[in-house]
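Along the sequence shown, residues carry numbers from 1.
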Amino acid sequence: MRIVVTRPQRSGERTAAKLEALGHEPVLLPLFHPVHHGERAISALSGPLAAIAVTSAEAVRALDTFGERLAPHLSKPLFAVGGATAQAAEKAGFGQIFTASGDALGLTALVTEHRTFFSEEQPLLYLAGRPRGSVFEEGLAAAGIPFRTVDCYEMLPSDISENMVETALLHTAADMVLLYSSEAARAFFSHVSAEKYVGALAAVQFICISRNVLSLVPEIFRSKAIAAEEPSEAAMFELLRQNSGT
């Protein structure tokens, strides 16, 4: 199957390799790209804190270049939103990692289970990005967990040309599109709003990482869209397997 991957370039390449191993033809359409503000993160780590929380592997990647400056902080407990983020943290050298079920509600519940870690003097440090939802921070506040948020990366729109979109969707028909975030869904359907794409996308299957993302698929394509049971690439690939036989 010819499958359009809408993730940023670096993570999209990893997804493409998995798809190729399954015999598919991946097409990268990186709608966003990360801009890291690692200095903010490393400075925040130097302040008083009991543990770290990350809702994206991108927050961990913001620390990639800090080497010796990061080393003293690797013993701090780190709460990761899901498996991929936990793997990135482990690769970075963090030794005490707590892994949630893959979404902000699960991460909030996991942190709350360990509320005795935290105090006003030793809060949770949330290494966050923009744009982001408010569920995690609202959940922490409601649970009375002292925390501090530091933005250490941004996901900015990529410079996607009309030719890139046409190559991905018109020159050769796509069979499937993978949508990993609400921002990606909004951007994708903005790029394909012209009438010429309606026919090309009529038979395309959309696999969405969550029901929130599914809700952003326009009604005209909704009958061909499905959402993963949990917000993870593994769950998306399970839907891929069910719908393609791989």
Side-chain angles (χ1 to χ4, degrees), residues 6-15 28-100 102-104 107-108 110-111 117-118 121-141 145-160 180-187 209 231 233:
T6 60
R7 305 187 81 183
Q9 188 73 27
R10 184 171 171 179
S11 50
E13 288 172 354
R14 289 194 296 273
T15 297
L28 294 181
L29 190 65
L31 299 173
F32 288 84
H33 66 277
V35 174
H36 295 151
H37 304 294
E39 189 62 46
R40 296 178 188 172
I42 204 72
S43 296
L45 286 170
S46 300
L49 63 110
I52 304 155
V54 286
T55 50
S56 169
E58 214 58 65
V60 180
R61 294 185 193 117
L63 297 166
D64 275 354
T65 61
F66 287 93
E68 292 182 2
R69 291 178 66 190
L70 177 60
H73 310 294
L74 295 174
S75 61
K76 287 290 186 183
L78 183 142
F79 292 86
V81 70
T85 305
Q87 287 176 6
E90 184 177 12
K91 184 178 179 181
F94 286 94
Q96 190 179 357
I97 301 169
F98 299 86
T99 307
D103 61 15
L107 184 58
T108 304
L110 183 61
V111 170
F117 284 13
F118 310 107
E121 294 74 26
Q122 296 283 315
L124 176 72
L125 174 63
Y126 175 26
L127 296 180
R130 289 188 177 276
R132 67 174 178 275
S134 59
V135 172
F136 181 52
E137 287 160 292
E138 289 176 352
L140 293 175
I145 304 294
F147 71 96
R148 177 187 176 203
T149 301
V150 172
D151 294 328
C152 62
Y153 71 93
E154 299 174 79
M155 299 303 297
L156 300 181
S158 298
D159 186 14
I160 300 293
Y180 284 79
S181 70
S182 297
E183 290 76 22
R186 292 188 186 97
I209 198 167
E233 185 171 75

Euclidean distance, [Y] [atom2] relative to [X] [atom1], rounded to 0.5 Å:
X	Y	atom1	atom2	answer
L74	K76	CG	NZ	12.0 Å
D159	L31	CG	CG	12.0 Å
E58	M155	CD	CE	5.5 Å
L127	L45	CG	CG	5.5 Å

Would you check if the side chain of T108 reaches a backbone N or O of G139 as a donor-acceptor pair within less than 3.5 Å?
no

Excluding sequence neighbours, so at least two apart, what forms side chain to side chain contact (heavy atoms under 4.5 Å, CB included) with [X]?
X	value
P157	F32
L156	H33, V35, E154
A92	V60, F94
P48	Q122

Between F136, F118, F147, which is the residue that forms a ring-ring contact (aromatic ring centres under 6.0 Å, His included) with Y126?
F136

So, for [X] and [Y], which heavy atoms are closest and what is the spacing to 0.1 Å?
X	Y	result
S56	V81	N-CG1, 4.4 Å
V150	A44	CG2-CB, 3.7 Å
L78	V54	CD2-CG2, 3.7 Å
A57	A84	CB-O, 4.4 Å
E90	I97	N-CD1, 3.5 Å
L63	A41	CD2-CB, 3.6 Å

Residue list, salt bridge (charged side-chain N to carboxylate O under 4.0 Å, His left out) with [X], at least two apart or on another chain:
X	value
R10	D64
R69	E39
D151	R130, R132

List in chain and number order the residues that pass side-chain hydrogen bond (donor to acceptor under 3.5 Å, both in side chains) with [X], two or more places apart in sequence or in another chain; answer none if no residue qualifies.
X	result
S134	E138
E233	R7, T15, K18, Y180
Q9	E13
T149	E137

Could you tell me if the side chain of P34 sits less than 4.5 Å from the side chain of R61, heavy atoms only?
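They are not in side-chain contact.
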
Enumerate the ring pair (Phe, Tyr, Trp, His ring centres under 6.0 Å) contacts for residues 65-84, please, sequence neighbours excluded, ordered by first and then second residue.
F79-F98, F79-H114

